[in-house]
A.B. asks: 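The structure under discussion is supplied below as structure tokens; questions concerning it will follow.
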Amino acid sequence: QLSDKFHDILDHLKGRGKLTEDHIEQTLRQVRLNLLEADVNFKVVKEFCEQVKAKAMGSEVHQSLSPDKQFIKIFHQQLTDIMGVPQEISLQHKPPVVILLCGLQGSGKTTTAAKLARYFKEEKKRFPYLVPADVYRPAAIEQLKTLATRIDVPYYDTHPKDNPVKVCKKAVAIAEDRGYDLVILDTAGRLQIDKEMMKELGKIQSKVKVHQSLLVVDAMTGQEAVNVAKSFHDLLNIGGVVLTKMDGDARGGAALSVKYITGCPIYFAGIGEKVEDLEPFYPDRVASRILG
Amino acid sequence: LAKDNEINEAVLSELEEILIGADMGVGTTQKLLRALKADVQAQNHGEIDLLKEYLGEEIYKILRAPSEDFEPPHRPHVMMIVGVNGVGKTTTIGKLSHRLRQEGNKVLLAAADTFRAGAVDQLKVWGDRVGATTLSQQDGSDPAAVAFDAVRAGMARGMDRVLIDTAGRLHTKVNLMEELKKVKRVIDKACPGAPHEVWLVIDATQGQNALQQARMFHGALNLTGIILTKLDSTAKGGVAVGITDELSVPITFIGVGEKIEDLRPFASREFVDALLA
Ligand SMILES: Nc1nc2c(ncn2[C@@H]2O[C@H](COP(=O)(O)OP(=O)(O)OP(=O)(O)O)[C@@H](O)[C@H]2O)c(=O)[nH]1
Ligand SMILES: Nc1nc2c(ncn2[C@@H]2O[C@H](COP(=O)(O)OP(=O)(O)OP(=O)(O)O)[C@@H](O)[C@H]2O)c(=O)[nH]1
Ligand SMILES: [Mg+2]
Ligand SMILES: [Mg+2]
């Protein structure tokens, strides 16, 4: 338990004036290892620890609070500041509101597209329209169509030979025509270093008025979460994140890395394979999980 | 990581960042750096490039597979492919089948992912692409039944290889892991001794959770191989070192893209060089 480790190191500070640099360093060494084991990116860990150290240095040890509790308070505050508070995605736009899902291969975009459609239909009384814009992966179109049919949500009839940019443009036009107020674009998985595929997303954003581009990230992602998020964020107008596969036992350090590097709110968490398995993202729960 | 050594602290930090950044994980990284610090040779040569070579050698020792007595494939040689969601199992089966077909094998694919939308269609596309028969049953049918029937068909039709695609599942889901064990038992019923291979697919973009995945799948199924996919990404797949070190399951192939030919036999030297680049 991290708090136990803090206690062991800091207990002898009771009654002393300040948290000394040496003791803070020792404690931060434990914190550092713990965060790295949780898959938080090492650069993020470094900066985070420096921030905690700066805040802890010279902070008075209160009589009412033991030094380890004091340290935990500072540490927890810093983590909470980064992770933020639960945020609801804003769909306050003239309909149809267009959401674009993007991310690495296999991160859970197609499943999340269906989950979001169901969520907005059932919980928020919207009329979603699902758009399969992945023409590359075998049977990706079938996958989304099957899910859409299951939740009784209309979908654009994409064919494998279609151009994804044209598909998105046509689909939004159809939505406007038929009064669907929410369009969810499911795109092919791609590497952030694949220039052509990243350009394709840029084209979709320029040809279609996309209100929310969401990066879908697998909770098990390792050190590269930072590079992936940074590239997607820099090249495209990413407004939010969905963290999937939170139902496993991954510590989820990628959440901290992604939030830290992009500043984007994590709106939803995928918590299972079924179409109902979506919930709002709770930053403080994930912060505790990352800390182990 | 103690400060009591000849090797420059700054150099050690830099090496640590390279290893951690490659997803080697804290445990493996500490073990390797301890070995480095204990080595007199390393202590006398503080330059980072030489130290990297030393580290590379240590990692290579972990990854180098013991020379296996290559067992000639049974007929049919049955291979079960497992792993968590989205790692690349189905695509890898497509690539493996292509290789096997090019070597002249008659290949049968079993669509034992009866759960996920589009899973059977996806495997069928690959089957058609490589000239392999794909057997499937209705959505929601028992994966064990699909596997059983496919292995029996493979035997009856004189297939050289039967590849079993399974649904992705998190290793924490007890009922799903039990389902997989059942699929394995049933395959043995269809063909005693089968499956001859149980390979776990690990996604290189994942972090330390992949080690836990490997432990759980190995405990449940007794893995005979690991495939590391998505090495064409910026991820280095360093977690494979910890997995090999702890479980001694050999890495057989790596996935380096989404196309049919994007599969290569695992080459430990190349992998280590890329890891430390
Ligand atoms: N356990 C769990 N599985 C999930 C979750 N979200 C998606 N999955 C599974 O992850 C796998 C990949 O999901 P997809 O929706 O196909 O992922 P994708 O990002 O569309 O994949 P590509 O289009 O190939 O890039 C599937 O097996 C899904 O059922 C989740 O929150 N929890
Ligand atoms: N870049 C890259 N993508 C890959 C590689 N292998 C698979 N993929 C992609 O990863 C995504 C998921 O592949 P699948 O084969 O559906 O993965 P899976 O493990 O069968 O997924 P589930 O059955 O849903 O658990 C697809 O978009 C593949 O094209 C690889 O080596 N490199
Ligand atoms: Mg998809
Ligand atoms: Mg699959």
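Side chains included, hydrogens not; waters and symmetry mates left out as well; all remaining heavy atoms used. Here is how names work: the chains are called A, B, and so on, in the same order as the sequence lines, proteins then strands, and each is numbered from 1.
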A.B. asks: For atom CD of B:Glu270, is the number of surrounding heavy atoms from other residues, nucleotides or ligands below 6.0 Å larger than 12?
C.D. replies: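 No, because the 6.0 Å sphere around CD of B:Glu270 holds 12 heavy atoms or fewer from other groups.
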A.B. asks: So do A:Gln105 and B:Glu258 actually touch side chain to side chain, heavy atoms under 4.5 Å?
C.D. replies: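 Side chain of B:Glu258 against side chain of A:Gln105, heavy atoms only: contact under 4.5 Å found.
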A.B. asks: In terms of heavy-atom proximity below 4.5 Å to chain A, should B:Gln212 be classed as side chain, backbone, both, or neither?
C.D. replies: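 Side chain only.
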A.B. asks: Heavy atoms only: give me the nearest A:Leu36-B:Val26 pair and the separation to one decimal.
C.D. replies: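 Taking every non-hydrogen atom into account, CB-CG2, 3.6 Å.
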A.B. asks: Would you say that A:Arg251 contacts B:Gln208 through its side chain, given a criterion of any heavy-atom pair below 4.5 Å between the two side chains?
C.D. replies: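 Sidechains of B:Gln208 and A:Arg251: no contact.
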A.B. asks: Is A:Asp249 close to chain B through its backbone or its side chain, or both, or neither, when contacts mean heavy atoms under 4.5 Å?
C.D. replies: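 Both parts, backbone and side chain.
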A.B. asks: Checking heavy atoms, do the side chain of A:Lys145, its backbone, both or neither come under 4.5 Å from chain B?
C.D. replies: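 A:Lys145 has no heavy atom closer than 4.5 Å to chain B.
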A.B. asks: Checking B:Asp232 against chain A: side chain, backbone, both or neither under 4.5 Å from a heavy atom?
C.D. replies: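 Interface part for B:Asp232: both.
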A.B. asks: Measure B:Leu176 against the heavy atoms of chain A and call it side chain, backbone, both or neither at under 4.5 Å.
C.D. replies: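 Only the side chain of B:Leu176 comes within 4.5 Å of chain A.
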A.B. asks: Contact part of A:Leu144 toward chain B, heavy-atom cut-off under 4.5 Å: side chain, backbone, both or neither?
C.D. replies: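 No part of it gets close to chain B.
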A.B. asks: Side chain, backbone, both or neither: which part of A:Arg150 has a heavy atom under 4.5 Å from chain B?
C.D. replies: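 The side chain, not the backbone.
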A.B. asks: With rounding to the nearest 0.5 Å, note down the distance linking CG in B:Asn85 to OG1 in A:Thr111.
C.D. replies: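 If I round to the nearest 0.5 Å, the distance is 8.5 Å.
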A.B. asks: List the atom of A:Gly222, the atom of B:Asp23, and the distance in Å for their closest heavy-atom pair.
C.D. replies: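 Smallest interatomic distance, heavy atoms only, reads CA-OD1, 3.5 Å.
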A.B. asks: In terms of heavy-atom pairs under 4.5 Å with chain B, which of A:Ala114, A:Ser107, A:Ala250 leads?
C.D. replies: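 Result: the option with the highest number of such pairs is A:Ala250.
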A.B. asks: Heavy-atom distance under 4.5 Å to chain B: side chain of A:Asp247, backbone, both or neither?
C.D. replies: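 Contact with chain B involves both backbone and side-chain atoms of A:Asp247.
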A.B. asks: Among the options B:Gly168, B:Ala119, B:Ala117, pick out the one with the most heavy-atom pairs lying under 4.5 Å from chain A.
C.D. replies: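 Among the listed options, the one with the most contacts to chain A is B:Ala117.
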A.B. asks: Looking at NZ of A:Lys245 and OG1 of B:Thr172, how far apart are the two atoms once the value is rounded to the nearest 0.5 Å?
C.D. replies: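 Between A:Lys245 NZ and B:Thr172 OG1, I get 12.5 Å after rounding to 0.5 Å.
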A.B. asks: Where on B:Val84 is there a heavy atom nearer than 4.5 Å to chain A: the side chain, the backbone, both, or neither?
C.D. replies: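 Just its side chain gets close to chain A.
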A.B. asks: Within this structure, what is the CG-CD distance for the pair A:Leu33 and B:Gln30, rounded to the nearest 0.5 Å?
C.D. replies: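 Reported value, rounded in 0.5 Å steps: 5.5 Å.
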A.B. asks: For B:Lys31, does the NZ atom sit with more than 12 other heavy atoms under 6.0 Å from it, leaving out its own atoms?
C.D. replies: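 12 or below, so no.
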A.B. asks: For the NZ atom on A:Lys230, are there more than 12 heavy atoms of other groups (residues, nucleotides or ligands in this structure) within a distance under 6.0 Å?
C.D. replies: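 Count not over threshold, so no.
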A.B. asks: Taking atom NZ of A:Lys43 and atom CD1 of B:Ile20, what is their separation to the nearest 0.5 Å?
C.D. replies: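 A:Lys43 atom NZ to B:Ile20 atom CD1 measures 13.0 Å (nearest 0.5 Å).
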A.B. asks: Under 4.5 Å, heavy atom to heavy atom: which of residues 135-143 of chain A reach chain B? Give them by number, or say none.
C.D. replies: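 Within residues 135-143 of chain A, the residues under 4.5 Å from chain B are A:Arg137, A:Pro138, A:Ala139, A:Glu142, A:Gln143.
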A.B. asks: In this structure, are over 12 heavy atoms from other groups packed under 6.0 Å from B:Arg264 atom CZ?
C.D. replies: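 Check fails, neighbour count at 12 or below.
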A.B. asks: Nearest 0.5 Å, what's the CG-OG distance between A:Asn227 and B:Ser233?
C.D. replies: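 Here the interatomic distance stands at 10.5 Å.
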A.B. asks: Taking side chain as everything from C-beta outward and backbone as N, CA, C, O, which of these in B:Lys230 sits under 4.5 Å from a heavy atom of chain A? Side chain, backbone, both or neither.
C.D. replies: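 Looking at B:Lys230, just its side chain touches chain A.
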A.B. asks: Check the pair A:Glu224 / B:Thr205 against side chain to side chain donor-acceptor pair (under 3.5 Å), numbers first and verdict last.
C.D. replies: CA-CA 7 Å; A:Glu224 282 305 300; B:Thr205 65; over 6 Å; no
A.B. asks: Top residue by heavy-atom pair count (under 4.5 Å) with chain A, among B:Gly118, B:Gly21, B:Gly25?
C.D. replies: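 Looking at each of B:Gly118, B:Gly21, B:Gly25 in turn, B:Gly21 comes out on top.
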A.B. asks: Check whether the side chains of B:Thr234 and A:Gln192 place a donor and an acceptor atom closer than 3.5 Å, and report yes or no.
C.D. replies: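 The criterion, which ignores hydrogens and geometry beyond distance, is satisfied for A:Gln192 and B:Thr234.
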A.B. asks: Answer whether the closest heavy-atom distance between the side chains of B:Glu16 and A:Phe42 falls below 4.5 Å.
C.D. replies: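 Result no, sub-4.5 Å side-chain heavy-atom pair not found.
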A.B. asks: Let me know if B:Lys124 has heavy atoms under 4.5 Å from chain A in its side chain, its backbone, both or neither.
C.D. replies: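 For B:Lys124, neither part sits under 4.5 Å from chain A.
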